Amino acid sequence: MNTLSYKTVSANKATVNKEWVLVDADGQTLGRLASKVAKLIRGKYKPNFTPHVDCGDNVVIINAEKINLTGKKWTDKSYIRHTGYPGGQRSLTATEMFEKDPTRLIEKAVKGMLPKNKLGSALFRNLYVYAGTEHNQSAQNPKAINLNDLK
């Protein structure tokens, strides 16, 4: 019996095939969109997924200003940061952050679902979020996908 056929295939930087994917956030719920996008960036939908390698796709998200939040999250959800000075804790509600920059809501949601290490930082650079329908990645010919088809 040939035992070499049972070897686990592990992807590396040279053997991985990265694609460009276009996601439309129009009418999508923030958390559900973010979890599926994080899986796409991580590469979990690919058969040759390897946990320690960047084997995911580059994701372009358009229409970030048309995102939905359920319940009272627009007023109750708060984003807390610290300036570094004593008493420097600042917070913004989801509405305030959305008014400043609608792309930051999606970026923070996706970043929180990626690994908290060097690989997670590298994976986050594969995300491109735009408020409108226009994006700068048209030269890469991103393939439009429907997130509702993904599990």
Side-chain angles (χ1 to χ4, degrees), residues 1-71 73-74 76-82 91-95 97-151:
M1 182 185 283
N2 186 5
T3 58
L4 291 176
S5 64
Y6 297 109
K7 295 278 186 184
T8 302
V9 178
S10 185
N12 60 23
K13 204 174 197 177
T15 62
V16 75
N17 57 338
K18 295 174 73 69
E19 298 174 355
W20 284 84
V21 176
L22 181 70
V23 174
D24 191 359
D26 187 8
Q28 297 281 340
T29 306
L30 177 64
R32 294 166 196 266
L33 169 96
S35 64
K36 289 181 181 177
V37 167
K39 278 186 181 180
L40 280 169
I41 291 173
R42 189 90 198 276
K44 289 219 168 183
Y45 288 114
K46 295 191 174 185
N48 62 345
F49 169 69
T50 309
H52 63 278
V53 177
D54 177 7
C55 55
D57 297 330
N58 296 301
V59 179
V60 180
I61 300 177
I62 57 172
N63 289 325
E65 81 273 352
K66 296 180 182 174
I67 198 81
N68 285 338
L69 267 73
T70 58
K73 291 192 189 94
W74 283 114
D76 292 354
K77 185 171 177 63
S78 65
Y79 292 91
I80 299 172
R81 63 183 177 88
H82 200 282
S91 67
L92 291 172
T93 64
T95 307
M97 186 174 283
F98 185 79
E99 287 169 0
K100 279 189 175 185
D101 188 10
T103 62
R104 208 175 325 158
L105 274 180
I106 295 177
E107 287 174 352
K108 286 182 77 67
V110 172
K111 188 171 187 174
M113 295 180 187
L114 292 175
K116 277 69 172 174
N117 51 25
K118 290 180 184 176
L119 177 64
S121 302
L123 290 171
F124 184 66
R125 292 188 204 106
N126 296 335
L127 176 69
Y128 303 88
V129 184
Y130 296 99
T133 56
E134 299 296 317
H135 59 88
N136 297 339
Q137 273 69 33
S138 55
Q140 282 78 21
N141 294 324
K143 178 178 72 172
I145 63 163
N146 186 5
L147 285 184
N148 298 328
D149 296 341
L150 299 175
K151 199 168 188 180

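Throughout, residue positions are numbered sequentially from 1 according to the sequence presented. Everything numeric in this text was worked out from a predicted model, so none of it was measured.
The aromatic rings of W74 and F98 sit perpendicular to each other, their planes meeting at more than 60°, with 30° as the lower class boundary.
Side-chain contact check for K36 versus L40: every heavy-atom pair is 4.5 Å or farther apart. Between I67 and D26 there is no side-chain heavy-atom pair separated by less than 4.5 Å. Two residues are said to be in side-chain contact when any heavy atoms from C-beta on lie closer than 4.5 Å; N148 and Q28 meet this criterion. By the 4.5 Å heavy-atom criterion applied to side chains, H135 and Y128 are not counted as neighbours. Side-chain contact between F49 and P47: absent, with no pair of heavy atoms (C-beta onward) separated by less than 4.5 Å. In this structure the side chain of S121 never reaches within 4.5 angstrom of the side chain of K116, judged on heavy atoms. The side-chain heavy atoms of Q140 and N58, taken from C-beta on, include no pair separated by under 4.5 Å. Side chains of T29 and T70 form a contact here, defined as non-hydrogen atoms less than 4.5 Å apart.
W20 CH2 to S138 OG: the interatomic distance, rounded to the nearest 0.5 Å, is 10.5 Å. Residue D54 holds its CG atom at 9.5 Å from CD1 of I41, rounded to the nearest 0.5 Å. Between the CZ atom of R42 and the CG atom of L123 there is a distance of 6.5 Å, given to the nearest 0.5 Å. A distance of 5.5 Å separates CZ in F124 from NZ in K111, rounded to the nearest 0.5 Å. Between the CG atom of L33 and the CG atom of N68 there is a distance of 10.5 Å, given to the nearest 0.5 Å. K66 contributes atom NZ, which lies 7.5 Å from atom CG of D24 (distance to the nearest 0.5 angstrom).
Between the side chain of N117 and the backbone N or O of G120, at least one donor-acceptor pair lies under 3.5 Å. Without hydrogens or angle criteria, N146 side chain to D149 main chain gives no donor-acceptor distance under 3.5 Å.
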Inset, instruction - May I have the step-by-step check of side chain to side chain contact (heavy atoms under 4.5 Å, CB included) for S10 and H52, ending in yes or no? - result: CA-CA 10 Å; S10 185; H52 63 278; 4.1 Å; yes
Inset, instruction - Mind running side chain to side chain contact (heavy atoms under 4.5 Å, CB included) on V59 and V23 for me, showing each step along the way? - result: CA-CA 7 Å; V59 179; V23 174; 4.0 Å; yes
Legend entry - Full working for side chain to side chain contact (heavy atoms under 4.5 Å, CB included) between N12 and T50: CA-CA 8 Å; N12 60 23; T50 309; over 6 Å; no
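For the pair K77 and Y79, the distance from NZ or CZ to the six-membered ring centre is under 6.0 Å and the angle to the ring normal is within 45 degrees.
Shown here are the side chain to side chain donor-acceptor pair (under 3.5 Å) partners of D101, two or more places apart in sequence or in another chain: T103.
In this structure, V53 and A11 approach most closely via the heavy-atom pair CG2-O, 3.3 Å. Taking both residues in full, the closest heavy atoms of L69 and A94 are given as CD2-CB, 4.0 Å, listed atom of the first, atom of the second, then distance. Closest approach of P142 to V21, counting heavy atoms only: CB-C, 4.0 Å. Here the closest heavy-atom approach between residue A25 and residue I61 is recorded as CB-CG2, 3.9 Å. Scanning both residues, G132 and I62, for their nearest heavy atoms gives O-CB, 3.4 Å. Heavy atoms only, all atoms of each residue included: L92 and M97 are closest at CD1-CE, 4.2 Å.
Remark: K143 NZ is loosely packed, at most 12 non-hydrogen atoms of other residues, nucleotides or ligands lying under 6.0 Å away. The neighbour count for K18 NZ, taken as heavy atoms of other residues, nucleotides or ligands under 6.0 Å away, is above 12. The neighbour count for K46 NZ, taken as heavy atoms of other residues, nucleotides or ligands under 6.0 Å away, is above 12.
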